[in-house]
2 protein chains.
Amino acid sequence: MISFEDFILEDDSPIYMQIIRYVKRGIVSGAIQSGEEMISRRALSVLLGVNPNTIQKAYHLLEEEGIIRSRSGAKSCVEVDEAKKEEIRHSLLQLDTLSWLRAMKQMGVEREEALKLAEEMWQEA
Amino acid sequence: MISFEDFILEDDSPIYMQIIRYVKRGIVSGAIQSGEEMISRRALSVLLGVNPNTIQKAYHLLEEEGIIRSRSGAKSCVEVDEAKKEEIRHSLLQLDTLSWLRAMKQMGVEREEALKLAEEMWQEA
DNA sequence: TTAACTGTATTATATAACTAATACACTTTT
DNA sequence: AAAAGTGTATTAGTTATATAATACAGTTAA
C-alpha cells in the first residue's frame, strides 16, 4: 500500500497539488506500481494533519486524470499502463527541468555554472 | 526604468509572487540595478492586465523585504546594497536548484541523467 | 501654478483553497 | 450477521487571491 512515508508538506503550492505530484513522481520512479492500493482518504488526512476534503480533491483529480480507480467502499487503486507512465514521466521531467533552467537564465547564470551548481548540490538534495 | 518587458504571467503561483520573483531575479542578473525607478503601480497593472491592488501587494512586500523604497507621490526605487544582492542571489540559487534536484531524485533520475537532460534542454529554455 | 501622475487607503465582491461536521451506502473483516 | 473501514456527498465557514471602484494627499512636469 502506498503509505506516503517520505511525503513532506511544502507551502508554495496547494496541498492537493502536492499530493498529486507525489503520486506521479512515485509512478515515474517505480516506487508506486500499477495495481497498488492507495492509503484511504481518512487515514491520509490524519497522517498529514489535513482535512479529508483536501485529500478527496486530490484523489478525485487523480481519478479524472486516469491514474487511480475508485469503487465505493473499497480502497482506491493505482491503474496506469506503460503508455500513461511514459506520458507522465516525459511531462514531469520536461516541466521541472524547464522551469529550473529558465530560473537560472533569468538570473544570468551561465550554463556551466548552473550545471556545476547542480552537480555540487546533488548529494545534499 | 524597470519596464517588465520580458515578464510573462504563469499560473502556478500568485501573480504578486511572480512579480516579486521577477524583480529579485533581475537584481541577481544585474538587469535591475540599485537606484533604478520602478514602473508605476498603475502603469504596470495596465501592462500586465492585472488589478492595481495586486501590484500594490507585490510592491508593498518588496518594500517590507528592503528591496525597494517608496515615497508618496514619487516613483518607487530599487535600493539594495551588495550584501543584500548577495543574500538574494544565494537564496534564489539555492532554493530553485534544490527543488529541481529533489524532483529528479523523487522520480528516480540518476545524477548523470539529470545533468545530461539539463545540458540538452539549456538552449530551448 | 496647474495638470497629470504617484503612492496609499478604503470598501465591496468573487473565486479558490482549506477546514469542519455530518451523513449514507458499499466493501471488507471479524 | 455485525462491526469497522471505505468512497462519496452535502452544508457551512475561514482565509487567501484577485477584481472593482473610489478617494486623498504628495510629487513631478508642463
Side-chain angles (χ1 to χ4, degrees), chain A residues 1-4 7-24 32 34-80, chain B residues 1-4 7-24 32 34-80:
Chain A
M1 190 181 69
I2 298 156
S3 57
F4 281 74
F7 181 86
I8 39 170
L9 270 180
E10 296 164 5
D11 44 357
D12 57 325
S13 64
I15 298 173
Y16 71 91
M17 284 293 199
Q18 297 182 45
I19 293 172
I20 292 172
R21 216 188 306 149
Y22 175 85
V23 172
K24 285 183 177 178
I32 294 175
S34 193
E36 269 194 282
E37 269 185 348
M38 299 284 287
I39 185 175
S40 84
R41 289 151 170 80
R42 284 174 181 83
L44 185 54
S45 79
V46 171
L47 188 65
L48 302 186
V50 154
N51 194 277
N53 299 345
T54 304
I55 312 293
Q56 163 62 10
K57 184 167 187 177
Y59 278 35
H60 179 68
L61 287 171
L62 280 170
E63 181 146 35
E64 272 191 336
E65 277 203 61
I67 291 174
I68 69 173
R69 284 264 295 168
S70 307
R71 16 188 269 279
S72 174
K75 286 204 184 68
S76 297
C77 277
V78 177
E79 204 171 292
V80 283
Chain B
M1 191 181 71
I2 299 156
S3 58
F4 281 74
F7 180 87
I8 38 171
L9 271 180
E10 297 164 5
D11 42 357
D12 56 326
S13 64
I15 298 173
Y16 73 91
M17 283 292 200
Q18 298 182 45
I19 293 172
I20 293 172
R21 215 188 306 150
Y22 175 85
V23 172
K24 286 183 176 178
I32 295 176
S34 192
E36 270 194 281
E37 269 184 347
M38 299 282 287
I39 185 174
S40 85
R41 290 152 169 79
R42 284 173 181 82
L44 185 54
S45 80
V46 171
L47 189 64
L48 303 185
V50 155
N51 195 275
N53 299 344
T54 304
I55 311 293
Q56 163 62 10
K57 183 165 188 178
Y59 279 34
H60 178 68
L61 287 171
L62 279 170
E63 181 145 36
E64 274 191 337
E65 278 202 63
I67 292 175
I68 69 174
R69 284 265 293 167
S70 305
R71 11 188 272 279
S72 173
K75 286 204 184 71
S76 297
C77 278
V78 176
E79 204 172 292
V80 282

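For A/Ile67 against A/Lys24, the heavy-atom pair with the smallest separation is CD1-CE, 3.9 Å. Minimum heavy-atom separation, B/Ser13 to B/Met17: OG-CB, 4.5 Å. The two residues B/Asn51 and B/Ser45 have their closest heavy-atom pair at C-CB, 4.0 Å.
A straight line from CE of A/Met38 to P of D/dG7 spans 9 Å, rounded to a whole angstrom. Rounded to whole Å, the distance from CD1 on B/Ile39 to C1' on C/dG7 is 15 Å. Per the geometry, CZ belonging to A/Arg42 stands 15 Å off P belonging to C/dT27, to the nearest Å. Here C/dT6 presents its C1' atom at 12 Å from OH of B/Tyr59, a figure rounded to the nearest Å. When rounded to the nearest whole Å, the span between CD1 of B/Ile55 and P of C/dT6 equals 13 Å.
The side chain to side chain donor-acceptor pair (under 3.5 Å) test with A/Ser76 singles out one residue from A/Glu63, A/Arg41, A/Arg69, and that residue is A/Arg41.
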>> Between B/Val23 and B/Phe4, does the side chain to side chain contact (heavy atoms under 4.5 Å, CB included) criterion hold? Intermediate values first, please.
In response: CA-CA 9 Å; B/Val23 172; B/Phe4 281 74; 3.9 Å; yes

>> side chain to side chain contact (heavy atoms under 4.5 Å, CB included), that's the test. Do A/Leu9 and A/Val50 meet it? Break it down for me.
In response: CA-CA 10 Å; A/Leu9 270 180; A/Val50 154; 4.1 Å; yes

> Can B/Leu44 and B/Tyr59 be said to form a side chain to side chain contact (heavy atoms under 4.5 Å, CB included), step by step?
Replying inline: CA-CA 11 Å; B/Leu44 185 54; B/Tyr59 279 34; 3.6 Å; yes

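Across its full length, the helix from C/dT1-D/dA30 to C/dT30-D/dA1 shows an angle of 30° between the axes of its 5 terminal pairs at either end, rounded to 10 degrees.
A/Ser34 contributes a side-chain N or O that, together with a main-chain N or O of A/Val80, makes up a donor-acceptor pair within less than 3.5 Å. A donor-acceptor distance shorter than 3.5 angstrom exists from the side chain of B/Gln18 to the backbone of B/Glu10, with no hydrogens or angles considered.
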>> At under 4.0 Å between heavy atoms, how does the protein contact nucleotides 9-20 of chain D? Give one character per nucleotide, 5' to 3', with B, S or -.
In response: --------SSBB

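We find the CD-CD1 distance between A/Glu79 and A/Ile68 to be 10.5 Å, quoted to the nearest 0.5 Å. The distance from atom CD1 of A/Ile19 to atom NZ of A/Lys57, rounded to the nearest 0.5 Å, is 11.0 Å.
Within residues 64-78 of chain B, the residues having any heavy atom closer than 4.0 Å to DNA chain D are, in order of number, B/Arg71, B/Ser72, B/Gly73, B/Ala74.
OP1 or OP2 of D/dG7 sits under 4.0 Å from a side-chain N or O of A/Arg41.
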